[in-house]
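Just below is one structure, and these are the notes that go with it.
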Amino acid sequence: TQSTRPQRLLGAVQKNATRGDPRSVVKAIDEFCRHKEWAMNVGDEKGCILDSVVSELNPATVLELGTYCGYSTVRIASLLPPHAKLITLEFNPDYAKIACQVIAWAGLEDKIQLVEGSSAEWIPKMKEHFGVKMLDLVFMDHWKDDYLPDTKLLEDCGLLRKGSVLLADNVICPGSPDYLKYVRRSPRYKSQYFRSHLEYTKAEDGLEKSVFLG
Ligand SMILES: O=c1[nH]cnc2c(O)c(F)c(-c3ccc(F)cc3)c(-c3ccc(F)cc3)c12
Ligand SMILES: [Mg+2]
């Protein structure tokens, strides 16, 4: 039977990356997506912006919405301090199966908790189920139409504190205009646009970094 693109991406990781070396996993995926098959990872250009936000923040608790094949999951987790935790939510079971194996190849199982399900279902369960008090960083990379409702859900669930950072991918392509309007207009956020390109292409895209002011 035909393999899927995520399966072929995993194959490229297992063939070209070194077990236990997260940066080689990131590199292997970028090479695969640039030279073999495009895939919707945040990619190397926006990935560098992601790295700088994570490194500057040094977060203890990270929530990623949208795991896909685990590229940004591995990229973020490889920069976290020793006892920091990353919870990543993926709705698609096929993506979750691949991401689990990419995370294992990178040797980051201890830092990452992969949960299969919807953000709407799991955000309200963060505190009771994962013992999460507050989120230091939320990387939003799931579905453009869910960015705004999930942001409001994070606020309502009391998961954001003064200084919590929301970092949203694809705010231009495909774009999340209602989300952008909300975080840019709200007095409760300090928002900043990092202009970049759609992964592995010349099309414009960017990341929006929004600091919750409490
Ligand atoms: O859905 C996404 N989630 C997370 N990140 C994404 C991402 O980083 C992307 F680059 C794209 C993208 C953008 C342009 C394009 F032509 C194809 C896919 C998508 C996306 C957008 C619309 C869809 F119908 C399917 C996928 C996503
Ligand atoms: Mg994306």
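Values below: all heavy atoms of this structure, side chains included; hydrogens, waters and symmetry mates excluded. All ligand and atom numbering here is 1-based and tracks the order in the structure.
- Under 3.5 Å, the side chains of Tyr147 and Asp178 contain no donor-acceptor pair of N or O atoms.
- None of the N, O or S atoms belonging to Glu199 lies under 2.8 Å away from the Mg ion (ligand 2).
- Nearest approach of Glu116 to Trp122, heavy atoms of both residues: O-NE1, 3.8 Å.
- Within Asp141, the N, O or S atom lying nearest to the Mg ion (ligand 2) carries the name OD1.
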For residues 99-107, which side-chain donor-acceptor pairs fall under 3.5 Å, sequence neighbours excluded?
{"from": "Gln101", "atom 1": "NE2", "to": "Lys97", "atom 2": "O", "distance (Å)": "3.1"}
{"from": "Trp105", "atom 1": "NE1", "to": "Ala17", "atom 2": "O", "distance (Å)": "3.1"}

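- Closest of all the heavy-atom pairs between Ser78 and Leu108 is N-CD1, 4.1 Å.
- Judged as a side-chain contact (heavy atoms from CB on, under 4.5 Å), and not counting sequence neighbours, the contacts of Cys33 are Leu9, Ile29, Ala39, Asn41, Tyr200.
- With hydrogens and angles ignored, the 3.5 Å screen pairs no side-chain donor or acceptor of Arg5 with any backbone N or O of Glu37.
- Asp169 contributes OD2 as its N, O or S atom closest to the Mg ion (ligand 2).
- Taking each heavy atom of Ser24 and Asp21 in turn, the nearest pair found is OG-O, 2.8 Å.
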N/O pairs closer than 3.5 Å, ligand 1 and protein:
{"from": "ligand 1", "atom 1": "3 (N)", "to": "His142", "atom 2": "O", "distance (Å)": "2.7"}
{"from": "ligand 1", "atom 1": "5 (N)", "to": "Asp141", "atom 2": "OD1", "distance (Å)": "2.9"}
{"from": "ligand 1", "atom 1": "5 (N)", "to": "Asn170", "atom 2": "OD1", "distance (Å)": "2.9"}
{"from": "ligand 1", "atom 1": "8 (O)", "to": "Asp169", "atom 2": "OD2", "distance (Å)": "3.3"}
{"from": "ligand 1", "atom 1": "8 (O)", "to": "Asn170", "atom 2": "OD1", "distance (Å)": "3.0"}
{"from": "ligand 1", "atom 1": "8 (O)", "to": "Asn170", "atom 2": "ND2", "distance (Å)": "2.8"}
{"from": "ligand 1", "atom 1": "8 (O)", "to": "Glu199", "atom 2": "OE2", "distance (Å)": "2.5"}

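- In summary, an N, O or S atom of Asn170 is located under 2.8 Å from the Mg ion (ligand 2).
- With sequence neighbours left out, the side-chain contact (heavy atoms from CB on, under 4.5 Å) criterion links Lys36 to Phe32.
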